Structure formats: structure tokens, C-alpha cells
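Here's the structure we're looking at; comments come further down.
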Amino acid sequence: AQSVAQPEDQVNVAEGNPLTVKCTYSVSGNPYLFWYVQYPNRGLQFLLKYITGDNLVKGSYGFEAEFNKSQTSFHLKKPSALVSDSALYFCAVRDDGRSYIPTFGRGTSLIVHP
Amino acid sequence: DAGVIQSPRHEVTEMGQEVTLRCKPISGHNSLFWYRQTMMRGLELLIYFNNNVPIDDSGMPEDRFSAKMPNASFSTLKIQPSEPRDSAVYFCASSFSGSFNEQFFGPGTRLTVL
């Protein structure tokens, strides 16, 4: 079985400050982990993914995420937030070789204040 | 490529009417997913096709919902008869097969059933 949790419904951060959006997961095998962003009235858009290799993954728009196997986490980070980063962020997981269907978290609303 | 195309973008109908949502996946992608998004329930997977064959339809709410994929470039999601609780945003997403591949989402169809 696979599951993912986003413990925060909303994250507030001031523009220019670093941001972190949290994600933890549970899988039976090895995880394939994804982050997506959804802007208002739009579909989800892929940001980055971890498959294997380097634990720090860099993605679009200056975002990065760190895979931590011992803590089963895949937190999304950005060194300096922009107001335009305000959106809904989804973490998703697939169990290596066991499922072609991803499980999505409930989403975290990121609000960046000017 | 134009990305995943969905039509219509907005649909307003009356309870009891038939609704058909359409999706054109990205050319070359052989996996297709239909999702429903609401504030209350978040993002829900309805059905997953691989190579035009329905693989997992366990998320289809009830017999009022049906989905087809007659060829690699077209899929439909039909609701008959529609009910007010079906009001949601419906997304189609496509990807290459394989657990490590990210999904590409369409812009969604906002359905309102009066």
C-alpha cells in the first residue's frame, strides 16, 4: 500500500524568505516521489520528481526537494519565496514496480505575503 | 505539443441531464487518468487507462459514471443522469507508462449541476 501526507493545509511566508512545504510518505517498496503545483483555475503542473540518485532534486521555478529515506519525507523548498509562488502544492507517491497509479496528498496552500 | 486538451472548459446543466466530458491526451502518451477535484474531497482518481484499456475504475463513484477510450488520442467521461453532487472540476491527465513518469494535466472542466 502507498500513502502520502501533507500535514499543513496552509503555509504562510513573507516574500524573500525561505519556504518549506512538507510531505511524508509510506510505501512497501522504493518510492517514486513527485511535486505538482496548481495555480487558480488551472490544472496541476509538474515541478520535480525523485526516482533515484542524489537526494536533493532541483526542479522548475527555483524549487527543490530533499528526499530523506530515514524520515520518509520529501519536503519542497525554495530559498527565496515570490508572491507569484502562491498556489496549491501537491505531493504524490508511487510504489516502485507495484503501482502505476500515484497517490496524491490533499494539497498545501502556499500564501506568500508581499 | 499543445498539451492535454479538455472540452468543454465549463459546463452548466440541470439535474438529470447527460454530461459528456472530452479529453485529448498528449501524443505518444499511453496512460490516461480521469480525476475529480472538490474542496471537500480533494483530488480523486476516477479511472486509469493504459494503452486504451481501462485498468482501474475503482474510483468511479457509481453506475451513473462511465468512461471510454476508443483510441489513443481521445477519451470521454460520461455522467448519466447528472446530480448536483457531481458538481466539481474534472481533470484528465496523461503520461508515458511507467511508475517513474510524471503526469501532464489538462486545464479541467468545471461542471455545475443545478
Side-chain angles (χ1 to χ4, degrees), chain A residues 1-10 23 25 27-53 57 59-60 63 65 67 74 76 87-109, chain B residues 2-10 21 23-26 29-51 53-60 88-112:
Chain A
Q2 60 188 33
S3 66
V4 63
Q6 294 182 243
E8 301 155 317
D9 289 337
Q10 185 171 305
C23 172
Y25 67 90
V27 295
S28 301
N30 293 315
Y32 294 147
L33 293 154
F34 305 81
W35 276 103
Y36 293 83
V37 60
Q38 184 180 27
Y39 297 103
N41 301 313
R42 304 284 294 275
L44 279 69
Q45 181 178 339
F46 170 73
L47 274 180
L48 52 79
K49 66 181 176 182
Y50 171 83
I51 304 301
T52 187
V57 179
S60 306
F63 283 93
F67 171 65
F74 189 57
L76 182 70
L88 190 58
Y89 290 82
F90 290 91
C91 182
V93 66
R94 275 173 165 156
D95 201 331
D96 169 15
R98 288 174 173 79
S99 175
Y100 294 108
I101 301 173
T103 297
F104 282 82
R106 288 194 55 85
T108 298
S109 177
Chain B
V4 176
I5 299 172
Q6 291 187 248
S7 64
R9 292 294 310 277
H10 302 273
L21 311 181
C23 174
K24 177 179 169 57
I26 291 173
H29 284 182
N30 50 4
S31 291
L32 186 138
F33 306 78
W34 280 100
Y35 290 91
R36 177 171 68 178
Q37 186 179 36
T38 61
M39 290 291 293
M40 291 294 295
R41 302 174 70 91
L43 192 67
E44 302 174 275
L45 176 69
L46 300 177
I47 189 168
Y48 159 58
F49 290 89
N50 191 53
N51 293 324
V53 176
I55 303 300
D56 188 331
D57 65 356
S58 58
M60 296 286 263
V89 180
Y90 291 80
F91 290 104
C92 175
S94 70
S95 72
F96 293 110
S97 290
S99 301
F100 47 85
N101 288 308
E102 63 272 23
Q103 295 170 297
F104 293 80
F105 284 75
T109 295
R110 183 174 296 276
L111 174 64
T112 302

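Excluded from the calculations below are hydrogen atoms, water molecules and symmetry mates; all remaining heavy atoms, backbone and side chain alike, are included. So that the names make sense, note that chain A is the first sequence line, chain B the second, and so on, each numbered from 1. A quick note: this is a predicted structure, and the numbers were derived from the prediction, not measured.
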*Side chain, backbone, both or neither: which part of A:Gln38 has a heavy atom under 4.5 Å from chain B?*
side chain
_Applying side-chain contact (heavy atoms from CB on, under 4.5 Å), can you list everything that pairs with B:Leu45, at least two apart in sequence or on another chain?_
A:Ile101, B:Phe33, B:Tyr35
*Side chain from CB out, backbone as N, CA, C, O: work out which of these in A:Tyr50 comes under 4.5 Å of a heavy atom of chain B, or both, or neither.*
neither
*asked:* With heavy-atom distances below 4.5 Å as the criterion, would you say the side chains of B:Leu43 and A:Leu44 are in contact?
replied: yes
*chain A heavy atoms under 4.5 Å from B:Gln103: which part of the residue, side chain, backbone, both or neither?*
both
_Contacting moiety of A:Leu88, where chain B heavy atoms sit under 4.5 Å_ = side chain
*B:Phe100: ring-ring contact (aromatic ring centres under 6.0 Å, His included) partners, not counting sequence neighbours*: none
*Single hit among A:Trp35, A:Tyr32, A:Phe46 for side-chain contact (heavy atoms from CB on, under 4.5 Å) with B:Glu102*: A:Phe46
*Which atoms of B:Arg41 come close to chain A, meaning under 4.5 Å heavy atom to heavy atom: side chain ones, backbone ones, both, or neither?*
backbone
*Measuring from A:Tyr100:OH to B:Ser97:OG, what's the distance to the nearest 0.5 Å?*
7.0 Å
*Please flag which part of A:Arg106 lies under 4.5 Å from any non-hydrogen atom of chain B: side chain, backbone, both or neither.*
side chain
_I'd like to verify something: which residue of B:Tyr48, B:Phe104, B:Phe105 has the highest number of heavy-atom pairs under 4.5 Å with chain A?_
B:Phe105
*Does B:Gly108 offer a backbone N or O that forms a donor-acceptor pair with the side chain of A:Arg42 under 3.5 Å?*
no
*Of all heavy-atom pairs between B:Arg110 and A:Asn41, which one has the smallest distance, and what is that distance?*
NH2-OD1, 3.4 Å
